[in-house]
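Note sheet for the following structure.
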Amino acid sequence: MVLLTLPYTLKITGCAGEGVICAGEMLLEALSRLGFHGAAYREFPSSIEGGYCAVTIQISDKLSYLPVNNIDCLFVRYIAAVEKEIGHCRRGAVLIYDDSSQCSEDELLALLKKLKRSDIQLIAISLIESGNDPGSKKFYSSEILGVVGRFLSIPLSNLEYTVRNRFQYKNLSTLQRNCDMVSRGYQIQQGSHYSKLPLQDKKPFEYEILDGNEAVARAAVSVGCGFFSSYPITPSTGIGNFLARVLPARGAVSCQAEDEIAAIGAAIGASFAGVKSMTATSGPGLSLMQEFLGYASMVELPLVVVDVQRPGPSTGSPAQFAQEDLFAAVFGSHGETSRIVLAPDSIGNCFNLTIDAFNCSEYFQCPVIILSDSVLGLTKGIIPVPERQDVRIINRSVVSGECKETYGESTAGVSECKDIRGELNGEEFKRYSLETAVAPIPVPGYSSVSCRITGLEHDEYGNPTDSAEMRTLQQKRRMNKLNLIETMFPSLVEWDYCTDEIDFGLIAWGITVAAAGSVVERLRSDGFRIAALYPRLLFPVCLNAIKRLQSMTDHIIVVESNGHGQYARLLKMYADVKPHSILSQTGSPILSDTLYDSCVRIVKGCFENEML
Amino acid sequence: MVLLTLPYTLKITGCAGEGVICAGEMLLEALSRLGFHGAAYREFPSSIEGGYCAVTIQISDKLSYLPVNNIDCLFVRYIAAVEKEIGHCRRGAVLIYDDSSQCSEDELLALLKKLKRSDIQLIAISLIESGNDPGSKKFYSSEILGVVGRFLSIPLSNLEYTVRNRFQYKNLSTLQRNCDMVSRGYQIQQGSHYSKLPLQDKKPFEYEILDGNEAVARAAVSVGCGFFSSYPITPSTGIGNFLARVLPARGAVSCQAEDEIAAIGAAIGASFAGVKSMTATSGPGLSLMQEFLGYASMVELPLVVVDVQRPGPSTGSPAQFAQEDLFAAVFGSHGETSRIVLAPDSIGNCFNLTIDAFNCSEYFQCPVIILSDSVLGLTKGIIPVPERQDVRIINRSVVSGECKETYGESTAGVSECKDIRGELNGEEFKRYSLETAVAPIPVPGYSSVSCRITGLEHDEYGNPTDSAEMRTLQQKRRMNKLNLIETMFPSLVEWDYCTDEIDFGLIAWGITVAAAGSVVERLRSDGFRIAALYPRLLFPVCLNAIKRLQSMTDHIIVVESNGHGQYARLLKMYADVKPHSILSQTGSPILSDTLYDSCVRIVKGCFENEML
Amino acid sequence: MRCSENKRSFSGKLKPTWCKGCTYFIFQKVLNGLLQRLNYDPLSTVFVSGIGCSSRISLYTSAFGMHTIHGRAIPVATGIRLSRSDVSVLVIAGDGDLFSIGAGHFVHAARKNIDITVFCLNNMTYAMTKNQSSPTSGFDHAGSFTPAGNQTLPLNTVEFAICCKSSFVARSTTFTPDHLEKTIIRALKHRGFSFVDIVAPCRTFNPEYFPSEKQISIVDVNETMQFDMKDYSSALQCASRCIFPSRESPAVLPVGTFFEA
Amino acid sequence: MRCSENKRSFSGKLKPTWCKGCTYFIFQKVLNGLLQRLNYDPLSTVFVSGIGCSSRISLYTSAFGMHTIHGRAIPVATGIRLSRSDVSVLVIAGDGDLFSIGAGHFVHAARKNIDITVFCLNNMTYAMTKNQSSPTSGFDHAGSFTPAGNQTLPLNTVEFAICCKSSFVARSTTFTPDHLEKTIIRALKHRGFSFVDIVAPCRTFNPEYFPSEKQISIVDVNETMQFDMKDYSSALQCASRCIFPSRESPAVLPVGTFFEA
Ligand SMILES: Cc1ncc(C[n+]2csc(CCOP(=O)(O)OP(=O)(O)O)c2C)c(N)n1
Ligand SMILES: Cc1ncc(C[n+]2csc(CCOP(=O)(O)OP(=O)(O)O)c2C)c(N)n1
Ligand code: SF4
Ligand code: SF4
Ligand SMILES: [Mg+2]
Ligand SMILES: [Mg+2]
């Protein structure tokens, strides 16, 4: 019995439709029950059936999920998977293979020999079919769970509980078959290779297992989102799947629109009606929403738009990963619009950042775009989810009414009601007053004054105007109202300080932060002095933070997963920084090792230049 | 009789629906017949009827149209127009007013006195109604033409000819009434204030009177555009109006689509079918086209998209002017797309640049966006239009076929046909070969091989692929293929050199170039050494030119009509320039005087700093 | 939503920029009068429109107004309705807005029977962009994009609305304010997706309809035709015969309530 | 366009990524066989599709193929057709693609009678995005966005297509390849906008239709119903009664040619 060290990485591979992802997610649940942190990262083909499919389970005692290539234990059913993954297996890794399928021991040994990987420890097991899925394919999830669970010495009762939980809504015979299969898998002899995970003392019940999509959706519920409309698109669909189940029970609305234009249009309508609203999509949908995004900026209604990024352009690579929609999020609409762009940097942060997004949107009265991505969105993590009462909630300022019951506190989240009838003195209400950054919003059926809104340029009352002066003033106000965001929402910028004198600064955003974090540690232990800046507020650019970093060093590295260096270029545009860009376009998040090497190369280059 | 000096500026004002714009355009035609250059700039309200309406006629002996505020002669019917325009009248300007309408001499004198403009010379005339328009409003165009024509001593026969030309398709009685009215206007006594324009020797027949929209459309016809589809939107509608009349007669197609998405979709379909195609729109339409623009980049089909800019965001100010869609044109689609963005800088250049746009698009196989604007689009100019044989035309490289007749030479413009059957040796055709920047395009019904195209990432054959390596290679090729554009199309960058050592450099784009040109002259005569750079190629950034300018000076000023300094920021992003921005958001193009003052202020600031 | 207190006016403070004599004034007057008479509360009523001459109406009311973007009034109204069952939602937009760029949204809101009232100010042209053929323009209509004449039969909006499963479908016209009023009342009372096509020709670009209220014979199908407006198939058949402007009888304008589920 | 030379195969080199037993294989086989038999020239034929499992078919042909973006196959096909009268243009896409996001384009291409043939591979779900209700999903269909059951009646595509003035409208199914073949031939021969709804349930997400070819009774309306398919109103009425899946008789699938102008 080997005692494993954390983080420990286990990868289960197979073909789409065989249940490997299900197996991985059940394993995560079982681990969570034992007090572990961790995440389950899925890889799947873009077709519905067939094709390579895998799930990587990272078992950890810390919160963050780190994209890794150092596999400690690999489970395979096909020899092709070994060829594909062996390069990512660390020395001495364990390979559990199904000798009942396409993998024979001889072949395997021959292959490992060819690949010069005699360090790999082999465990042969024999799966049987466990049940039929609707398409009458083999479905192995519970059996695999049994095998892997036994390997990690997880109690069978825990695994069985997990299986019951997972299949609770299936018919009884399916449920029973899965329970049988988990114990069958558990009983398969694995020789003397059993291992054991270190004991954990985390209180398991403050945590939930959610992927980033679910975390976004969960947060929307917590913050009082009363209306969600969307159109399905990979990899954002999970948000809709979650909210379609959860919102109606809370008296809120989830609506499948006929397309993305209708989806954002309905969300804008709901926002006008006083209800917090959200829509979610991926790149192609973001492109379609550009006209309405500009409208929301112009009429200054709160609105949250989630873009779960995937590689583009056009349909691109729907099943892969990239951070390529930043430019479209910032600049996509015609004209000059005031909007906020945020990016979560961990699965857990998908929750908190969505809360922030709603708050910013309500506070500044403008659309907020959340740039998530396919890995954050589809990777399950064991994350802390605060109770509603612990969530900081900002509600839009509205014009109050005739002392009707406060409208829909929990869903619309109307607070800070101003009864402005007294102030008006018979004058018209200035919805777009130039004297304040944002004026309160009249809400139909609730407020004591009405308002009319238009995408035409308008004066303080909201009436269309041809006056260039008024246009300039309103445009300025719409832009400048965002100036305070960095101060108002300090949690939108994350720092990893060092000393005031540093050798270089590293900037990363989105999921790339995970790799950056581990690289920073490594570089520091190499003796480099580094400060790291992890902006979640991508636009408007967090100038205070950037300036501070600039004051510490001239050498700033920006790492991101796109071809243009989009965030680096935003910094050039808005902050006069000339960063070094590290770009990655592998279809997966950048790996620590790669990032480490690139950083070292750049830093050495800089120092050499300075020597000269 | 006063002999006038050129450029001479005459402004006719009135209410929408009274025919003032028609009067101005007829005047321009009459002037053109006398060998003048010139332009007629329209101002109109965004509603159909009522509201202030005006046309400014600039009479010149040079080609370019310059937005001006120095009015030499103002025609008014309402006293409000005097208040509005008097500030733009140069000292000693002539004011022709209609004393039959809301303007009395006493009032006028009182007003001028109050405004301290006793320098203004008054001419009273009395219009009568000339005919009824469909909405039973007064329609004064021919009568005004008579008045103004007499003032400038244009022969009556010329004016009558013009009127006949203009109303040729109206019914006989309308035509006759207009002819009567022009001579009535001609006969109104104007006291002793007649003037005369200097004789011209330009050959009038090489020139046409077109506004920028018509010039774009005319060029599309010349270059062999075989398909145009669009959806009406101010201020781009004129392009569709023109092509709907002209294309069908040439066996080509003009199609009104149900919306902008369908418009660009149909144009892409036609392009796939081997036919040069174009669509035109304004800001909101550009936003709607973003998804298809990304698709065109991805499948690498030639396509020209005209965006006649108006102020945004959202519906914004449809009747006014701005240069605000640059960011949306460059960055608007999700993912990272390869596209070309061009901007014409004069009415005449609307023609040439559209030719260039088609050529670039055919050559590089990607969408080209032309950023025109409401002033270029709606201002009539007397411009040279080359014969088709003098136009440089590049046609896409296509895969040739079984020696059928070359397909639709004039419309599809298929040339440089490659019969690749021999080369293939039974292998599949590489539509997206990595060995060349662009491969020839197979055309249905014409080529000897077929192809299938997809917005999914694809390999060299065009088949979908999940390979990250292939994706990176194809993305690189799609981006890099544009590297040669600046060298291949030198006319896309215009220089106004001085010496190699300069005090500062000025960059302007679009119609702003007109004001910049006159300011450069003035500043040079002040003793400053200036080089001016007028890029028509906005994206990819014309790095060679920018670098050259940078090598001459550190002080670079960029002038443009938007709030963000969009082109200036593009330069920061892509060329490491730190320019001074001069921004204008007045709803009209920046005026020379304003620009001059701003330039002087910046230059002085720089010099003072350097002194310290 | 009805007022508790006194009847309140729906006239807004902004002066319409419509042409003198525009038929939209007639519609506006009838609608505003009616809403007041029926005790609607401007503070609980939302006018939603797209872009076009017609769509400006949402800026000219004392109620809440959303002047949105071209073609998208219906999705926005859907969002208001689904999130707030307690406010009245009226969509008022043009033929181009609702049936060209907006056609897809119409189909789905009708199909889902979203409880909104949709008024099409049908002037059979794109007036705001100066006369292009709209989906309801007559065959041979010379729009600026179709100078040789539009070669498409007009969309029969009432037939289309029924086929999309609207639960109330009617046509009226600004030529007969009384009938218009009667029709609007019915539409407002109906619960579910209700649609009224209002023939309101453009004075500037469709002058041939003026001053010709007499030349056009307005026929009330509820008086002249035998059909059961509660029966889908009967209603659909009746509506499909009642096209306007029709090539066969261009001078006949069939109005009335075609379907009420 | 027909070949001058030998009949040429329409089978592409790319292997479909469809699930084993996907009904789209049946459609593909019938269509490809037919095009070859009818002497169509792959080099003069364009398959245009949107995005979805169904829409991938344009990548699996030896003809020209445009796999475009979601919902926009029809505008693209319109552009090809209007600019090139000499190539054959087939649109093949899913029910979600054509009738949800693409509904507006369908309306206008039909109305303008654009000479293209549109095949809807109607599996009554969004298969590619893993089972959300589509406009043709049955009432109570539990899509992932409507877990409590879709509360909307399905769009009757044949009725809708007729109402939009398609000049040829039929329905067939992959359950009856012979009938499918016959129907496709008619559709291809027709000049003008022709539409065929092809009921082709998804094996993965609509397993209840398998292996139940026998449970569903397929009824050919041309044999069982009295109507004149050349007469608009008669055809419309017939089509409006032939909804699938219908709440009243879920096991009856009415197929046939409904309208031919
Ligand atoms: C996305 C977009 N496309 C085009 C336009 C231009 N546009 C404004 S109004 C209009 C048509 C209006 O026609 P209709 O809806 O019938 O209203 P009407 O003016 O006739 O009352 C168009 C095409 C726009 N504003 N936005
Ligand atoms: C603009 C856009 N929105 C959403 C999607 C995601 N998407 C891909 S296919 C599809 C639906 C496919 O359904 P259907 O057309 O019925 O085809 P099927 O897969 O059922 O054959 C959707 C919503 C997309 N690709 N693009
Ligand atoms: S153009 Fe026509 S629709 Fe528009 S305001 Fe004038 S009359 Fe009314
Ligand atoms: S998911 Fe359904 S429609 Fe898609 S390929 Fe599989 S069986 Fe066919
Ligand atoms: Mg209209
Ligand atoms: Mg489908």
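Letters A, B, ... mirror the listed sequences (proteins, then strands); counts begin at 1.
In this structure, A/Arg471 contributes its side chain and B/Gly312 its backbone to a donor-acceptor pair below 3.5 Å. A donor-acceptor pair is defined here as one N or O able to donate and one able to accept, closer than 3.5 Å; such a pair exists between the side chain of A/Ser287 and the backbone of B/His334.
Note: B/Gln585 CD to A/Lys476 NZ = 7.5 Å, rounded to the nearest 0.5 Å. The CD atom of A/Glu291 lies 7.0 Å from the CD atom of B/Glu260; values are rounded to the nearest 0.5 Å. In this structure, the separation between NE2 on A/His564 and CE on B/Met573 is 8.5 Å, given to the nearest 0.5 Å. Remark: B/Ser467 OG to A/Gln320 CD distance equals 8.0 Å, nearest 0.5 Å.
Note on residues 574-583 of chain A: pairs passing salt bridge (Lys or Arg N to Asp or Glu O under 4.0 Å), not counting sequence neighbours, are A/Asp576-B/Lys572.
Within the 4.5 angstrom heavy-atom criterion, only side-chain atoms of B/Ala322, from C-beta onward, approach chain A. Looking at A/Gln566, the atoms closer than 4.5 Å to chain B (heavy atoms on both sides) all sit in the side chain, from C-beta outward. Contact of A/Tyr574 with chain B is made through backbone and side chain together, with heavy-atom distances under 4.5 Å. At a 4.5 Å heavy-atom cutoff, the contact between B/Ile261 and chain A is made by side-chain atoms alone. Only the side chain of A/Met479 comes within contact range of chain B, judged by heavy atoms closer than 4.5 Å.
Scored by the side chain to side chain contact (heavy atoms under 4.5 Å, CB included) test, A/Thr13 finds A/Lys11, A/Tyr52, A/Ala54, A/Leu74, A/Val76, A/Ala81, A/Glu85 as partners (sequence neighbours excluded).
The candidate from A/Thr586, A/Asn562, A/Leu286 with the greatest count of non-hydrogen atom pairs under 4.5 Å with chain B is A/Asn562. With chain B as partner, the option from A/Ala468, A/Gly332, A/Pro284, A/Ser282 having the largest number of non-hydrogen pairs under 4.5 angstrom is A/Pro284. Chosen from A/Gly563, A/Ser588, A/Ser317, A/Gly565, the residue pairing most often with chain B at heavy-atom distances under 4.5 Å is A/Gly563. Listed options B/Gln309, B/His458, B/Glu457, B/Glu469 were ranked by heavy-atom pairs under 4.5 angstrom with chain A; first place goes to B/Glu457. Top candidate by heavy-atom pairs under 4.5 Å with chain B, chosen from A/Gly316, A/Gly587, A/Pro311, A/Ala328, is A/Gly316.
Contact annotation: the side chain of B/Thr454 never approaches that of A/Ser314 to less than 4.5 Å [non-hydrogen atoms, C-beta and beyond]. Between B/Leu288 and A/Leu288 the shortest side-chain heavy-atom distance does not fall below 4.5 Å.
Relative ring orientation between B/Phe331 and A/Phe327 is described as tilted, the plane-to-plane angle lying within the 30° to 60° band.
Checking A/Glu336, A/Arg478, A/Arg339 one by one against B/Pro313, the side-chain contact (heavy atoms from CB on, under 4.5 Å) holds for a single residue, A/Arg478.
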